[in-house]
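Encoded as structure tokens, the structure appears first; notes follow it.
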Protein chains: 2
Amino acid sequence: MTVMWQCQGVKPPAAPAGAVRQGSLRELNLALVLGRIAAARRPPSRAALAADTGLTRATVSAVVEDLVAGRLVTEAEPTPRAGAGRPARGLMLAGDGPAGLGLEINVDYLAACVVDLAGQVRHHTVHRADLRPVSPADALGRLAELAGRARVDANAQGLTLAGAALGVPGLVDDAGRVRLAPNLGWRDVPVPELLADHPPLTETVDGVPPLVVDNEANLAALGELHAGAAPGSFLHISGEVGIGAGIVLNGALFRGARGWSGEIGHIPVRPDGPPCRCGGRGCLELYAGQEAILSAAGLAGADLPADRASTRLTQLATAEHPAVLRALAEAGTAIGVTVASVVNLLDLDTVVLGGGYAPLTGWLRPPVLAEIERRVLTAAWSPVTVRPATLGATAAAVGAAGSVVRRIIARPGGWLARL
Amino acid sequence: MTVMWQCQGVKPPAAPAGAVRQGSLRELNLALVLGRIAAARRPPSRAALAADTGLTRATVSAVVEDLVAGRLVTEAEPTPRAGAGRPARGLMLAGDGPAGLGLEINVDYLAACVVDLAGQVRHHTVHRADLRPVSPADALGRLAELAGRARVDANAQGLTLAGAALGVPGLVDDAGRVRLAPNLGWRDVPVPELLADHPPLTETVDGVPPLVVDNEANLAALGELHAGAAPGSFLHISGEVGIGAGIVLNGALFRGARGWSGEIGHIPVRPDGPPCRCGGRGCLELYAGQEAILSAAGLAGADLPADRASTRLTQLATAEHPAVLRALAEAGTAIGVTVASVVNLLDLDTVVLGGGYAPLTGWLRPPVLAEIERRVLTAAWSPVTVRPATLGATAAAVGAAGSVVRRIIARPGGWLARL
DNA sequence: CGCTATTTGTTCAGTGGTTGAATTAAATGA
DNA sequence: TCATTTAATTCAACCACTGAACAAATAGCG
């Protein structure tokens, strides 16, 4: 049987860096103009784009024509603008063109969502189930079903899915294989092969396989990058059962030499502390992981599902439950020590608390900031912002879908060539 | 008086990202071809470049013509090559074109060097002096004198200086101002203003001021990137009086949001450890800084100059002096704990020990590797290499000069336009 | 020695894409 | 109503790359 559902991991999609042919020029300008349209707060006119990019109005017109023909851009209706002169026709991202499918497998739920070019979430399904006892093949089967329904819904809305991304709570290699997902109990799961039986969700576009598998913390950070008002560089920490981080540098996710960056949960906080299951000692996860916080708060036996734990902690903290407050202060201090290391190393000016940490930001922020103040050499000149993630619990799925859309915006040539 | 010696810090030189005009195309291909020539091990022919880049032979010929006219490339003499067919004419970087001037101010010496396009060090002067009691203005005056002599020597060799970079052991802001250089005793030193009195070393090329001021650890890492066989991403740790790090990601130095990345010396190793002068507690510098190692080795009172300390330690370690061996093992463990954090976070596969650590690598490596093994989640699948820097004590100056040359190679358009 | 095969480098017409100026389009305001 | 103003399109000119044909320079072979 031929593999119908091609798949890959996180290897950069053949970064060109090669010859700059004649046509590359147009491709670059398509990306440039589309990027400006996407980044603009209100629909810009062709003339404004010309002034903004430095291209001629003639060129912008030609480029925009291509983008409109490719259903990536539409003209906004009568623009309410003052002043004399012919009124500008605003340009905005099309709401009925290509869209991205985002998928997520987590410990206690599956999720699928569809995001259009403009970043709107057009479909969203969450399927709650404890997936630890389920085999990877079965879990992926259920996910494919969810994805199929998402596709039908998207098509009904006039959208065309142009790719999909899947977030998993673990390490993924270049081939899309899940090397290790401890909290899910997966090890060396060949996602591409297991999905080969299922019908493809989309066709390959521009050499990019329709499904990209990535770490959920990475995808959540990407979601934050493109949903929130986050700056070009920040650290996104997701506190779930484990603690993961996505590092966004200069507007791009940094994946590391092998795509395994962001393992912040196993940064040592106290090198001589208690042993961690990773083999090290005194890892952050032992002080600020979900289990650690719950047990410090005296809620160890409650056995709450992951998303409930955070809600419960928020309730108790709001009620000023002393043990919970103490547990959160301790966790915040540990996070702060770690974040101080990261900021000293990378000089980031923003830290986003995501996942289960997001609702707890009010209690975690003070100790985190205190440690940064104490330990970061440059803190005096340049304050570090600590803020909650703007996306909710589904950040990874939305971020996954957003990453697909983002790639289209960054390289529209591929999508247009497909026509 | 007009400022004759323009200056700036580390802000990226107006990253284009803007319009891709007609001419940009040529500029990109100039950079592409020149980059391949620079990266090739033996002088490639035009035909080989065409095959390599994907451009046509016709285009490569035209591009090369421009590069030769601009003195960036020369034809190698009769290439000893076998096989039938017209013999290829190899192309190599010109040894008599533009060159970079690298400068360094450190605690106990000043240095100036000139590096040509091919990466050869064509001039090198070190002026030893304890600069702590000297005023910044005087120190910079002496440096300007050194630079002037370097320029004369370079010109005598037929080289044209196309820019300069200055490394200082401290934090530098966008304007080239040294915000803080603790070991030098500098604070808020406006390098550009202080150098305004001195004659300019070069003219502005392509909008880039002739002098760029940067942290010495950053420049040393850049030097390693382009001298050593280092891969695209690595961490370069310089152990001097303080401990600095340069982070190279995907072949580019990562500077952080404000250019202050790499402050690895103040990453907490033991959050509750002894207080550090930075205000934190248990910083790496307290366990692996030069003073810490010397005092742990029982050499505290020796008061050796910075570069002698490392030599002395090497001698004693070679002689298996027990206290020294113990001190190095402890320092290595502290470095290892910190490096493990970094590798967990960034997934780097190479760590370079530079500065004073380079000659001590034999003793530092085992404990560093041991900590990585224990604490890095992905260590089992992907080994981390720990190796000494290939450049010696002058890595920063050479790296500074190299960074100038590197910019010309990356963007030859600017240099060619100057003609 | 001369011929062929082979590979390198150049020349030249053709084409795609941007430029700049002129032109058309559509509104405001006196 | 018409001048003014700004937006968008049209079109000849130009720049850089492409592809193919051609010239150059060598090795191998009879």
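In this text the structure is predicted, and so the values were computed from the model without any measurement. Reminder, nothing fancy here: chain letters follow the sequence lines and each chain counts from 1.
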Below 3.5 Å between N/O atoms, which protein atoms pair up with nucleotides 26-28 of chain C? Just atom names and distances, please.
unit_1, atom_1, unit_2, atom_2, d
C:dA26, N3, A:Arg86, N, 3.3

- Picking from D:dA8, D:dC17, C:dT19, which would you name as closest to the side chain of A:Arg89? D:dA8
- A:Ala58 near the nucleic acid: base, sugar-phosphate alone, or nothing, with a heavy-atom cut-off under 4.0 Å? base
- Item | Spacing between B:Leu91 atom CG and C:dT8 atom C1', to the nearest angstrom | 12 Å
- Starting at CG of A:Leu32 and ending at C1' of C:dG17, how long is that distance when rounded to a whole Å? 15 Å
- Query: Atom CG of B:Leu28 and atom P of C:dT18: how far apart are they, to the nearest Å?
  - Reply: 13 Å
- Taken to the nearest whole Å, CZ/A:Arg57 to P/D:dT5 is 15 Å
- Query: Would you call A:Asp153 and A:Arg122 a salt bridge, using N to O less than 4.0 angstrom?
  - Reply: no
- For B:Arg46, report the nucleic acid contact type (base, sugar-phosphate, nothing); a contact means any heavy atom under 4.0 Å. sugar-phosphate
- Message: Please confirm whether the shortest side-chain N or O distance from A:Ser61 to OP1 or OP2 of D:dA8 is below 4.0 Å.
- Response: no
- Task: Give a yes or no answer on whether the side chain of A:Trp415 reaches the backbone of A:Pro98 with a donor-acceptor pair at less than 3.5 Å.
- Result: no
- Are B:Arg255 and B:Asp214 ion-paired here, with the side-chain N under 4.0 Å from a carboxylate O? yes
- Message: Could you check whether the side chain of A:Arg26 and the base of C:dG17 have a donor-acceptor pair of N or O atoms closer than 3.5 Å, going by distance alone?
- Response: no
- d(CG, B:Leu55; C1', D:dG19) in whole Å: 14 Å
- How long is the line joining CG of B:Leu30 and P of D:dC17, in whole Å? 8 Å
- Query: Is there a side-chain polar atom (N or O) of A:Ser45 under 4.0 Å from OP1 or OP2 of D:dA8?
  - Reply: yes
- Separation between CG of B:Leu34 and CG of B:Leu67, rounded to the nearest 0.5 Å: 5.5 Å
- Query: Got a sec, which pairs hit side-chain hydrogen bond (donor to acceptor under 3.5 Å, both in side chains) with one end in residues 37-51 of chain B, sequence neighbours left out?
  - Reply: B:Arg46-B:Glu75
- Item | Atom-pair distance (CG on A:Asp66; P on C:dG16), nearest Å | 13 Å
- Query: Ion pair present between A:Arg258 and A:Asp174, side-chain N to carboxylate O less than 4.0 angstrom?
  - Reply: no
- Hey, does A:Thr56 reach any base, or is it just sugar-phosphate, or nothing, if we go heavy atoms under 4.0 Å? base
- Query: Atom OG of B:Ser24 and atom CG of B:Asn29: how far apart are they, to the nearest 0.5 Å?
  - Reply: 11.0 Å
- May I ask you to verify if any side-chain N or O of B:Asn29 is less than 4.0 angstrom from the OP1 or OP2 atom of D:dA16? no
- Rounded distance (Å) that lies between atom C1' of D:dA8 and atom CD of A:Glu65: 12 Å
